[in-house]
Amino acid sequence: MKNQEQLHRGLGQRQIEMIAIGGCIGTGLFMGSGKTISVAGPAVILVYAITGLMLYFVMRAMGELLLHNLEYKSFVDFSEDILGPQAGFFVGWSYWLAWIVAAIAEIIAITGYASFWWPELSPWISAMATIFVLTSINLLTVKAFGELEFWLAIVKVIAIVGLIVVGLWLSVTGFVSPDGTKASVANLWTHNGFFPNGFAGVMAGLQTTIFAFAGMEIIGTMMAEAKDPKKMIPDAIRKIPWRILIFYIGTVTVMMMVTPWVDISPEHSPFVGMFSLVGLASAASLINFVVASSATSSSNSGIFATSRMLYGLAQSHKAPAIFGKLSSHQIPAGGVFLATLLMFFVSVILTAVDSMMEAFQMVGAVAALIFIFIWTMIIWAHLVYQRRYPEAHAHSVFKMPMSKVMPYVVLAFFLLVIYALSLDGVTRIALYLLPGWFALLAICYRLKLR
């Protein structure tokens with residue numbers, strides 16, 4: 001039967017737009033920005049801008065490759081076609097793991113948000129409740145999933161825009177908080193300058209910033225379920241710079257104008273902290289709800305991405321056949337259940353550690369490294385594509401700008417990020433774990449060939 005063979009093109013333009021936002025704007029920004037600001041100071045603005053610019057070029061490379069052949073359903077397909085079957089195997093399974101790990105980081109953060117209202121609640125209870133809701137949502141039709149994700153993402157967009165407006169108003173009016181802190185644009189440079197911790201602070205900021213952008217490439221997993229991918233994918237990618245400018249740079253700038261960076265705690269969400277500092281307790285509670293729903297939205301996008309990736313791997317005989325079957329709602333239910341089970345068991349273990357932020361930072365670093373690998377493979381595929389299909393590249397309908405230079409600039413930037421991750425004891429653990437994952441994939445690939 002047809003409905004058992006292929007995914008349904010049930011995602012419209014507005015849903016794809018919001019799923020893209022929901023995937024990349026989560027706890028990396030809402031929770032991790034506190035850590036980033038505390039180590040980089042106002043220079044975090046520059047860190048976000050440069051990181052966002054580099055990843056915009058990655059997305060342009062991905063967009064051109066996806067539209068080069070509309071038979072590609074994701075970046076795994078063009079990785080396999082252009083770089084070879086082993087590359088497709090590594091990219092597919094690594095992306096699956098990246099979103100599992102990223103979603104676990106989101107669940108850890110959600111348990112921290114839940115403790116804002118219920119300090120005595122055991123973390124595993126809030127983790128279980130969240131995962132149950134996410135499983136239910138992802139077993140609906142893709143159109144219903146897209147609609148729910150649309151409204152979840154709308155909540156975070158409204159919250160961020162509202163925070164920027166309120167923060168600007170507090171700064172313009174010279175609001176003074178109960179502890180005597182005055183909101184002002186001068187807070188961006190009066191506390192030991194714009195680069196208070198120098199180059200070392202910028203390097204430390206990169207450790208958490210890169211995870212904040214993870215998920216931007218989720219657009220590249222929607223080809224099979226988008227109604228008009230030739231139009232929708234370029235439209236979504238072209239809007240990325242505006243998202244970065246508003247959602248990342250705008251928010252951290254306004255937060256540091258209202259609250260000097262030296263007063264922002266690395267252990268808590270600065271979104272909640274900003275309103276708490278100015279004495280708006282009810283607003284702080286509301287913002288806590290928003291950031292919790294944002295983390296839920298990002299986890300939701302993660303389950304979507306992993307289940308579709310596993311479905312694609314099964315369809316091409318790179319994963320067990322059971323994950324290539326669709327439910328009556330044309331949903332890869334096997335991938336949904338596997339993702340949520342793994343998320344639950346690992347989240348329960350990690351929420352038992354003493355420092356929630358430390359667990360979040362370590363898991364986030366693992367996810368960030370795997371995402372860097374995925375982004376590197378996209379750039380590498382584009383370089384090979386340019387050399388192999390020069391005519392197709394020259395006449396592409398969505399040609400990557402500065403394609404002769406920027407791929408190498410992006411790759412150099414990724415090396416710099418890996419160096420930054422090696423400087424911290426917690427994030428360095430991720431560097432030790434990654435070779436083990438690739439060794440496991442190599443063994444599995446050889447067994448598959450046999």
Side-chain angles (χ1 to χ4, degrees), residues 19-29 31-32 36 47-48 50-63 74-76 79 87-88 90-106 108-109 205-222 237 240 243-244 248 295 298-299 301-306 308-310 339 343 360-382 407 410-422 427-431 433-435 437-438 441:
I19 292 173
I21 291 174
C24 68
I25 300 178
T27 37
L29 175 64
M31 188 172 181
T36 311
V47 174
Y48 275 128
I50 294 174
T51 305
L53 179 65
M54 295 298 106
L55 291 181
Y56 172 66
F57 282 102
V58 175
M59 296 305 102
R60 286 300 301 258
M62 181 185 73
S74 73
F75 42 80
V76 173
S79 296
F90 271 63
V91 169
W93 277 106
S94 293
Y95 192 65
W96 174 84
L97 179 66
W99 264 114
I100 292 291
V101 175
I104 288 169
E106 304 287 353
I108 292 172
L206 276 174
Q207 295 168 5
T208 49
T209 298
I210 201 71
F211 178 64
F213 285 88
M216 191 175 286
E217 73 302 311
I218 197 172
I219 303 169
T221 67
M222 301 177 189
I237 292 175
I240 286 175
R243 292 182 196 141
I244 294 168
Y248 291 91
S298 191
S299 299
S301 297
I303 295 172
F304 174 91
T306 56
R308 271 58 181 180
M309 191 57 63
L310 199 54
M343 286 165 55
F360 173 79
Q361 187 181 358
M362 183 180 70
V363 174
V366 173
L369 274 172
I370 305 174
F371 277 111
I372 289 172
F373 168 72
I374 303 298
W375 300 330
T376 299
M377 295 297 280
I378 291 172
I379 291 293
W380 183 19
H382 193 273
V410 171
L411 293 176
F413 173 74
F414 288 156
L415 286 175
L416 183 65
V417 173
I418 291 172
Y419 169 71
L421 289 169
S422 71
T427 57
R428 196 183 301 128
I429 296 174
L431 289 170
L433 294 175
L434 204 58
W437 166 250
F438 289 135
L441 285 181

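As the structure is a computational prediction, the values presented were derived from the model and not from experiment. Values below: all heavy atoms of this structure, side chains included; hydrogens, waters and symmetry mates excluded.
Minimum interatomic distance between G92 and V76 (heavy atoms only, all atoms of both residues): CA-CG2, 3.5 Å. Contact between I104 and M343 at its shortest, heavy atoms only, is CG1-CA, 3.9 Å. Across all non-hydrogen atoms, the minimal contact from A367 to A98 is CB-O, 4.0 Å. The two residues T306 and I303 have their closest heavy-atom pair at OG1-O, 3.1 Å. What you find for M54 and V410 is that their closest heavy atoms are O-CG2, 3.8 Å. Among all heavy-atom pairs drawn from V58 and I378, the shortest one is O-CG2, 3.8 Å.
You'll find the side chain of Y48 stays beyond 4.5 Å of the side chain of I244, heavy atoms only. Between F438 and P435, the closest side-chain pair of non-hydrogen atoms is not below 4.5 Å. Taking the side chain as every heavy atom from C-beta outward, L310 and W93 approach each other to under 4.5 Å.
Atom CD1 of I210 is separated from atom CZ of F414 by 6.0 Å, given to the nearest 0.5 angstrom. Taking CD1 from I50 and CZ from F413, the interatomic distance works out to 7.0 Å, rounded to the nearest 0.5 Å. In this structure, CH2 on W375 lies 10.5 Å from CZ on F75, to the nearest 0.5 angstrom. Here the OG1-OH distance, from T209 to Y248, works out to 10.0 Å after rounding to the nearest 0.5 Å. Atom-to-atom distance recorded for W380:CH2 and L411:CG is 11.0 Å, nearest 0.5 angstrom. Put simply, OG1 on T376 and CD1 on I418 are 6.5 Å apart, with the number rounded to the nearest 0.5 Å.
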Worked verdict on F371 versus L55 for side chain to side chain contact (heavy atoms under 4.5 Å, CB included): CA-CA 11 Å; F371 277 111; L55 291 181; over 6 Å; no
Evaluate I370 against W99 for side chain to side chain contact (heavy atoms under 4.5 Å, CB included), listing each step before the verdict. CA-CA 9 Å; I370 305 174; W99 264 114; over 6 Å; no
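The main-chain N or O of V91 is never found under 3.5 Å from a side-chain atom of S94 such that the two would form a donor-acceptor pair.
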